[in-house]
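Positions are given from 1 along the sequence. The model shown is predicted, which means the values in this text are computed figures rather than measured ones.
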Amino acid sequence: MLEIVLNKVSKNFGNKQVLRNVNIEVKTNEKVALIGPNGCGKTTILRLIAKEESSTTGEVFTRKNAKIGVLEQYPREELQGQKVKEIIHSSFQEINELKERMEKEEKKLYEAIDLEKTIVRYTRLQEEFQHLGGYEVESKIEKLVAAFHLEQLLDKNYSSLSGGEKTIVNLISILLQNPDILLLDEPTNHLDINMLEWLENYLENVNKTIIIVSHDRYFLDKVATKTILIDNGEEEVFHGNYSYYLKENEERITREFNEYKNQQKQIEAMKASIKRLKEYGRLAYPCGEKFFKRAASIEKRLEKIDVLEKPKNNELSNLSFKVDQRSGNDVISWNHFSLQIGDKVLLKNTKCEIHYQEKVCIMGKNGTGKSTLIKEIIKGNPEIKIGSNIKIGYIPQEITFENEKETVIQEARKYFIGYEEHLRSALVKFLFYAEGIHTRLDQLSGGERLRLKLFCLMQQDRNLLILDEPTNHIDITTKEILEEALKEYQGTIIIVSHDRYFINKVATRILMIEDKKIVSYVGNYDDYKREISRKENKNR
């Protein structure tokens, strides 16, 4: 059964056309990933389905009486001032209203003149309450609160929560409403690994129609059964998860490029024939008319050819950090190191060694001290030993520049050695085109900030890179730029990240913070999961 249909939908914002004759069909219980570059219209599609926006042309249909739940990227302003437990319980509005009516009827039982009618009314309300799942409300709430570890937040005001905590509260309130259709806009932002895995498992197994906008490729691989690419205002459908899309898209690009090359050969051959026939006609004058007629015939065929556009080349290759001087073999180490903030102990009596050319990812639940540990390394905590000839390049979670009023090219020029045209060509590899190089720094998106910071670091001789959640809030294209650069990097890398797809691509070792200790696992995230599974099976 069709749950959602977009039929020849276009959407304009002023003079800018975001969507162009988009056609999408989503069937019952399909789990669809919407992907594409930032600004391509993914969130707009969710808002059209939720009836929060109207299409410029075309039609948007949802199944009659289908209940839609929407998780937006940003905190809900209308919830400011409410307590978390009030927000969660408000998810059961119909049940709560029914409960109030039951309580009123219950009071009447003790003072009713017509007791029999009152009992009938109360019984009907009770049956309806049971049918709606009223008696399971508390157990449903307890289950979700426990899954997301929200016990300590229930009495807090929504306005005092962090961005990640607000996302989780919003998500819980939507899941508790039990919608038929779930529209999720960046649901994984700020979730730690345990929460991510719980949400993946839930969405993978629940019988609901789901559309997800996300940059978390590992998450999309686990959950999505269909992938829709939105690019240049148009859609392309792939009947599989993100990895399936990658394979199919690569094959499509290769096929299109071969078709383009073959057509170009055909066009060049036809142009050569025209030139040759006209030359023959001139040489055979005054009897060369037949050559000119044949040339004219080929020209008409040439005019009728629908010339294919050249497929975009991958401009993300051949990126490399400059590493002129290597470090010593022992890059960072500590022994009997403890760390705390106020009264909260984060690490207790830990030991660690990081060696030359290792690519280490620090993982752990939110609040275990990952970013705090990174900051201690950066500021030069005397208990942390930094090896010889170490030159650190650092990308924090929140990227800022010394002068935010300067432009992209002004900032880049501080680090780039070479001619202006070479600088412009280098910036193109980081997707800063034409007028984009003159954009002021304070107007850059999170992804653009990371790309520019990455470019500047690549011009410097840095043999240790420390990156704190580098893939937060950036699109997939920017992640691929970062991955390619880090895979080829000849120095040492320390990363804090929850992005498992990214970790799989880059990491050679995992440092997991667990119970105030640091446990080392060789390999990437999937290797870590296999080792955990092996230990669990061994202990059974």
Could you verify whether a donor N or O on one side chain and an acceptor N or O on the other, from [X] and [Y], lie under 3.5 Å apart?
| X | Y | answer |
| --- | --- | --- |
| Ser243 | Asp221 | yes |
| Asn258 | Arg255 | no |
| Asn349 | Ser338 | no |
| Glu448 | Ser445 | yes |
| Asn389 | Ser327 | no |
| Asn170 | Tyr158 | yes |
| Gln397 | Ser371 | yes |
| Tyr525 | Asp499 | no |
| Glu138 | His89 | yes |
| Thr28 | Glu3 | yes |

With under 30° as parallel and over 60° as perpendicular, where do the rings of Tyr242 and Tyr245 fit, or are they tilted in between? tilted
Please indicate whether [X] has more than 12 foreign heavy atoms, meaning atoms of other residues, nucleotides or ligands, lying under 6.0 Å from its [atom1].
| X | atom1 | value |
| --- | --- | --- |
| Glu398 | CD | no |
| Lys516 | NZ | no |
| Lys67 | NZ | yes |
| Glu151 | CD | yes |

Going from [atom1] on [X] to [atom2] on [Y], what distance comes out if it is rounded to the nearest 0.5 angstrom?
| X | Y | atom1 | atom2 | value |
| --- | --- | --- | --- | --- |
| Glu411 | Arg449 | CD | CZ | 10.0 Å |
| Ile49 | Leu6 | CD1 | CG | 5.5 Å |
| Glu197 | Phe219 | CD | CZ | 12.0 Å |
| Ile35 | Ile228 | CD1 | CD1 | 10.0 Å |
| Phe92 | Ile141 | CZ | CD1 | 5.0 Å |
| Asn23 | Glu234 | CG | CD | 10.5 Å |

Where do Leu457 and Tyr394 land on the side-chain contact (heavy atoms from CB on, under 4.5 Å) test, with the steps shown first? CA-CA 8 Å; Leu457 271 183; Tyr394 175 49; over 6 Å; no
Could you check if a side-chain atom of [X] sits within less than 4.5 angstrom of a side-chain atom of [Y], using non-hydrogen atoms only?
| X | Y | result |
| --- | --- | --- |
| Lys479 | Phe502 | no |
| Asn241 | Thr225 | no |
| Arg217 | Glu480 | yes |
| Leu176 | Val137 | no |
| Leu444 | Val408 | yes |
| Arg47 | Glu72 | yes |
| His498 | Glu469 | yes |
| Leu467 | Leu486 | yes |

I'd like to know if [X] and [Y] make a salt bridge, using a cut-off of under 4.0 Å between side-chain N and carboxylate O.
| X | Y | value |
| --- | --- | --- |
| Glu30 | Lys27 | no |
| Glu484 | Lys429 | no |
| Lys85 | Asp155 | yes |
| Asp526 | Lys529 | no |
| Lys379 | Glu376 | yes |

I would like to know whether Arg509 and Glu358 meet salt bridge (charged side-chain N to carboxylate O under 4.0 Å, His left out); could you show each step before the answer? CA-CA 7 Å; Arg509 184 152 69 104; Glu358 279 197 306; 2.9 Å; yes
Answer yes if the ring centres of Tyr521 and Tyr528 are under 6.0 angstrom apart, and no otherwise. yes
If the test is side chain to side chain contact (heavy atoms under 4.5 Å, CB included), which one of Ile212, Thr167, Ile168 qualifies with Pro187? Ile212
Among Leu373, Ile518, Asp468, which residue satisfies the side chain to side chain contact (heavy atoms under 4.5 Å, CB included) criterion with Ile362? Leu373
Side chain Lys370, main chain Gly364, donor-acceptor under 3.5 Å: yes
State whether the side chain of Ser333 and the backbone N or O of Glu353 hold a donor-acceptor pair below 3.5 Å, judged by distance alone. no
Looking at Tyr356, I'd like to know if the NZ or CZ of Arg326 sits under 6.0 Å from its six-membered ring centre while staying within 45 degrees of the ring's axis. yes
Before you tell me yes or no, could you show the steps for Glu483 and Lys487 under salt bridge (charged side-chain N to carboxylate O under 4.0 Å, His left out), namely the whole-Å CA-CA distance, both residues' side-chain angles and the distance that decides it to 0.1 Å? CA-CA 6 Å; Glu483 285 165 2; Lys487 279 161 62 178; over 6 Å; no
Kindly determine whether Lys222 and Asn201 satisfy side-chain hydrogen bond (donor to acceptor under 3.5 Å, both in side chains), including the steps that lead there. CA-CA 8 Å; Lys222 284 283 189 179; Asn201 186 60; over 6 Å; no
Would you check, one step at a time, whether the test side-chain hydrogen bond (donor to acceptor under 3.5 Å, both in side chains) holds for Thr43 with Asp185? CA-CA 7 Å; Thr43 297; Asp185 199 354; 2.9 Å; yes
Step-by-step side-chain contact (heavy atoms from CB on, under 4.5 Å) determination, Ile493 to Val360: CA-CA 6 Å; Ile493 301 173; Val360 175; over 6 Å; no
Apply side-chain contact (heavy atoms from CB on, under 4.5 Å) to the pair Phe430 and Leu452, showing each step before the final yes or no. CA-CA 7 Å; Phe430 290 80; Leu452 181 56; over 6 Å; no
Give the C-alpha distance, both sets of side-chain angles, the deciding distance and a yes or no for salt bridge (charged side-chain N to carboxylate O under 4.0 Å, His left out) between Arg252 and Glu236. CA-CA 11 Å; Arg252 175 184 64 85; Glu236 186 159 2; 3.2 Å; yes
Of Asn178, Asp180, Asn29, which is the lone residue that meets side chain to side chain donor-acceptor pair (under 3.5 Å) with Lys208? Asn178
Mind running salt bridge (charged side-chain N to carboxylate O under 4.0 Å, His left out) on Glu86 and Lys83 for me, showing each step along the way? CA-CA 5 Å; Glu86 294 171 344; Lys83 288 189 175 182; over 6 Å; no
Carefully, step by step, assess Leu347 and Phe337 under the rule side-chain contact (heavy atoms from CB on, under 4.5 Å). CA-CA 7 Å; Leu347 299 175; Phe337 176 67; 4.3 Å; yes
